[in-house]
Chemist: 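Structure provided below as structure tokens; questions to follow.
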Amino acid sequence: MTVRPWMAAVAFCFAGALTVGYLAATSYLVLRDDLIGATMARQARMQHDYEDRISALRAQMDRVTSRQLLDQQVVEEKVEKLLQQQLALSARNGKLSTLLNRAEDAGVSQGASEPEIPPAPGQKPLAYERRADVNGGTAAIRSLLGGSPFRSEPEKSLHPPTAYAALGETATDRADRLFSKVTLSLKDIEHQQLDHIQTLAADASETADAIQRIMSRTGVDIDDETETTELGEAGASDLAIGGPFVEPDIGDEFEGSMANLDEALSRLDAARRTARKLPFGNPAPGSDITSRFGNRTDPFLGRLALHAGIDFRVGQGTEVHATGSGTVVLAGRNGGYGNMVEIDHGNGLTTRYAHLSKVLVKPGDQVENGSPVGLSGTTGRSTGPHLHYEVRHDGKAIDPAHFLTAGMKLTTYMN
């Protein structure tokens with residue numbers, strides 16, 4: 001058999017191919033597990049990378065959610081606090097209503113030294129007359145939670161909501177800023193309430209002090225009726241009360257101001273009650289005085305004598321009015337006084353109305369300031385129709401002009 005070269009080459013190539021295949025097959029069988037393990041390890045690494053990324057995204061989402069919840073909780077706490085402040089202001093308005101009505105009735109709502117002047121038509125109310133409104137405050141607070149934007153002043157609404165991000169202001173910053181505005185607004189209302197209360201208390205105290213100063217200038221010691229007024233019309237002597245003295249529970253500044261205003265109004269009311277009870281009125285308004293208190297020539301004897309009162313020129317049958325409230329202790333004929341009415345006003349003070357043509361009251365009657373007690377005349381030791389008016393303290397005659405002058409000054413402070 002002849003082996004040609006090409007046959008040898010073919011045989012050699014075939015043998016080489018078998019050898020390569022065998023080696024390849026042997027290598028595959030040997031390295032198969034390693035290749036599979038590497039592939040699985042690569043897939044596992046890729047899966048872990050994805051899981052780590054998902055975990056990171058989930059943690060970031062949880063942080064964002066937690067922050068939002070925390071911000072929401074903070075906002076809710078601030079809203080609750082603002083609502084409590086708003087409701088507290090509204091509750092204060094309820095407590096203030098009684099005292100403000102008392103102050104208005106007492107004529108001190110516009111100040112003690114000036115008359116009360118109503119606002120002109122269309123005039124805006126004063127700052128202290130503004131009241132906190134629950135609905136308005138609640139609407140403003142709700143706007144902080146995502147409603148319509150709250151703007152305390154129209155000229156400040158220059159930026160639309162989308163412009164805040166461009167200005168570098170976050171939603172939390174904006175909410176804090178709005179909360180600060182609402183808080184300052186509520187604080188301003190609270191300060192206005194306190195200022196108003198303190199102003200009213202100062203005016204009431206000033207008026208009460210002025211009334212007491214005027215009454216003290218009459219030269220007669222006048223008891224303060226504050227305690228009697230607080231205990232009631234019956235007086236402190238009719239009530240069985242007692243106990244150790246303990247300082248009042250003032251609480252906060254608002255409650256203290258309320259207590260001061262109540263005390264000042266009570267003092268003012270007591271001073272006015274005392275002034276109305278004592279003889280500071282005029283028994284014959286608009287009438288001329290014909291003879292004053294003091295020594296004069298007696299019209300019947302022609303010699304010096306003490307005139308214990310004041311004579312008013314009034315016509316026959318003119319009504320004579322009580323100059324203060326009190327109890328009638330005498331009503332009828334009384335020597336040279338003729339028909340006379342005597343009224344006890346307390347504090348040792350009595351007044352006498354003499355030469356009456358007719359007596360309109362009887363002993364024991366309770367009369368008020370300005371009540372008619374009789375009609376003028378010329379009974380008793382008299383030269384003609386007139387009114388003889390006396391003021392006595394502990395039975396001793398004193399000059400009624402002091403009380404008439406004080407009464408004219410008190411008119412400014414009486415309601």
Side-chain angles (χ1 to χ4, degrees), residues 214-223 274-275 277-361 363 367 369-370 372-410:
I214 293 173
M215 291 191 296
S216 65
R217 291 171 185 169
T218 61
V220 178
D221 293 333
I222 298 174
D223 296 335
T274 303
K277 183 177 181 181
L278 299 181
F280 291 111
N282 192 321
S287 300
D288 296 331
I289 296 177
T290 58
S291 181
R292 296 185 177 276
F293 177 87
N295 293 328
R296 68 173 185 178
T297 301
D298 186 81
F300 292 96
L301 301 179
R303 61 185 178 87
L304 192 65
L306 175 65
H307 187 223
I310 292 179
D311 290 342
F312 291 89
R313 180 186 290 114
V314 290
Q316 182 77 17
T318 303
E319 276 192 353
V320 176
H321 303 278
T323 56
S325 60
T327 304
V328 178
V329 295
L330 192 152
R333 197 78 181 181
N334 186 19
Y337 287 101
N339 292 329
M340 186 191 79
V341 173
E342 184 172 1
I343 301 175
D344 183 7
H345 302 279
N347 288 277
L349 289 171
T350 59
T351 53
R352 292 181 177 181
Y353 312 81
H355 309 311
L356 301 177
S357 62
K358 183 178 181 180
V359 176
L360 303 179
V361 293
V367 296
N369 183 16
V373 296
L375 303 180
S376 63
T378 185
T379 59
R381 197 169 183 268
S382 172
T383 61
H386 72 284
L387 170 64
H388 176 81
Y389 172 64
E390 290 185 10
V391 177
R392 291 179 174 266
H393 182 241
D394 294 333
K396 181 181 178 181
I398 58 178
D399 190 355
H402 298 321
F403 289 87
L404 293 176
T405 302
M408 289 187 293
K409 293 180 179 179
L410 286 173

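Fair warning: this is a prediction, and the values are worked out from it, not measured in the lab.
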Chemist: Among all residues two or more places apart in sequence or in another chain, which pass the side-chain contact (heavy atoms from CB on, under 4.5 Å) test with I398?
Modeler: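 For I398 the side-chain contact (heavy atoms from CB on, under 4.5 Å) partners, ignoring immediate neighbours, are V220, L349, V391, H393, F403.
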Chemist: Out of curiosity, L278 CG to N369 CG, how far, rounded to the nearest 0.5 Å?
Modeler: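 Rounded to the nearest 0.5 Å, the CG-CG separation comes to 10.0 Å.
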Chemist: With a 4.5 Å heavy-atom cut-off, do L360 and V373 have their side chains touching?
Modeler: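 No - every pair of side-chain heavy atoms lies 4.5 Å or more apart.
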Chemist: Given side chains that start at C-beta, do those of S376 and H355 come closer than 4.5 Å, heavy atoms only?
Modeler: no
Chemist: Which residue pairs pass the salt bridge (Lys or Arg N to Asp or Glu O under 4.0 Å) test when at least one of the two sits in residues 328-351, sequence neighbours left out?
Modeler: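 Of all non-adjacent pairs touching residues 328-351, those that pass salt bridge (Lys or Arg N to Asp or Glu O under 4.0 Å) are E342-R352.
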Chemist: So, taking the atom named CG in D311 and the one named CG in D288, what distance separates them when rounded to the nearest 0.5 Å?
Modeler: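 If I round to the nearest 0.5 Å, the distance is 12.5 Å.
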Chemist: Within a strict 4.5 Å, meaning less than it, do heavy atoms of the V328 and V341 side chains meet?
Modeler: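 They are in side-chain contact.
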Chemist: Calculate, to the nearest 0.5 Å, the distance between atoms CG and OG1 belonging to L356 and T318 respectively.
Modeler: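 Those atoms lie 11.0 Å apart.
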Chemist: Nearest 0.5 Å please: distance from the CZ atom of R296 over to the CG atom of L304.
Modeler: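 Reported to 0.5 Å precision, the distance equals 10.5 Å.
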Chemist: Which atom pair, heavy atoms only, marks the closest approach of A322 to V367?
Modeler: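 In terms of heavy atoms, the two residues are closest at CB-CG2, 4.3 Å.
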Chemist: H345 pairs by side-chain hydrogen bond (donor to acceptor under 3.5 Å, both in side chains) with which of T351, T350, T274?
Modeler: T351
Chemist: For the CG atom of L330 and the OH atom of Y353, what is their distance to the nearest 0.5 Å?
Modeler: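 Going from the CG atom of L330 to the OH atom of Y353 covers 13.0 Å.
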Chemist: Sequence neighbours excluded, which residues qualify as side-chain contact (heavy atoms from CB on, under 4.5 Å) partners of L301?
Modeler: D298, R303, R381
Chemist: My understanding is that only residues two or more places apart in sequence, or in another chain, count here; which of them pass ring pair (Phe, Tyr, Trp, His ring centres under 6.0 Å) with H307?
Modeler: H388
Chemist: Please find the pair of heavy atoms, one from I310 and one from P400, that lie closest to each other, and give the distance.
Modeler: CD1-CB, 3.8 Å
Chemist: Considering all heavy atoms of both residues, which atom of F280 and which atom of A275 are nearest to each other, and what is their separation?
Modeler: CD1-O, 3.4 Å
Chemist: First locate atom CD of E390, then atom CG of D399, and finally report the distance between them rounded to the nearest 0.5 Å.
Modeler: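 If I round to the nearest 0.5 Å, the distance is 11.5 Å.
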Chemist: Answer with yes or no whether the side chains of Y389 and T323 bring together a donor and an acceptor at under 3.5 Å.
Modeler: yes
Chemist: Using every non-hydrogen atom in the two residues, find where P372 and V361 come nearest and quote the distance to one decimal.
Modeler: O-CG1, 4.1 Å
Chemist: Who pairs with A284 by side-chain contact (heavy atoms from CB on, under 4.5 Å), at least two apart in sequence or on another chain?
Modeler: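 For A284 the side-chain contact (heavy atoms from CB on, under 4.5 Å) partners, ignoring immediate neighbours, are N282, S287, F312, V314, L387.
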Chemist: Where do G315 and P385 come nearest, in terms of heavy atoms and distance?
Modeler: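 Looking at all heavy atoms of both residues, the closest pair is C-CB, 4.5 Å.
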Chemist: Taking side-chain contact (heavy atoms from CB on, under 4.5 Å) as the test, write out the residues that go with P363, two or more places apart.
Modeler: A331
Chemist: For the residue pair S382 and H386, what are the closest heavy atoms and their distance?
Modeler: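 Heavy atoms only, the tightest pair is OG-CE1, 3.1 Å.
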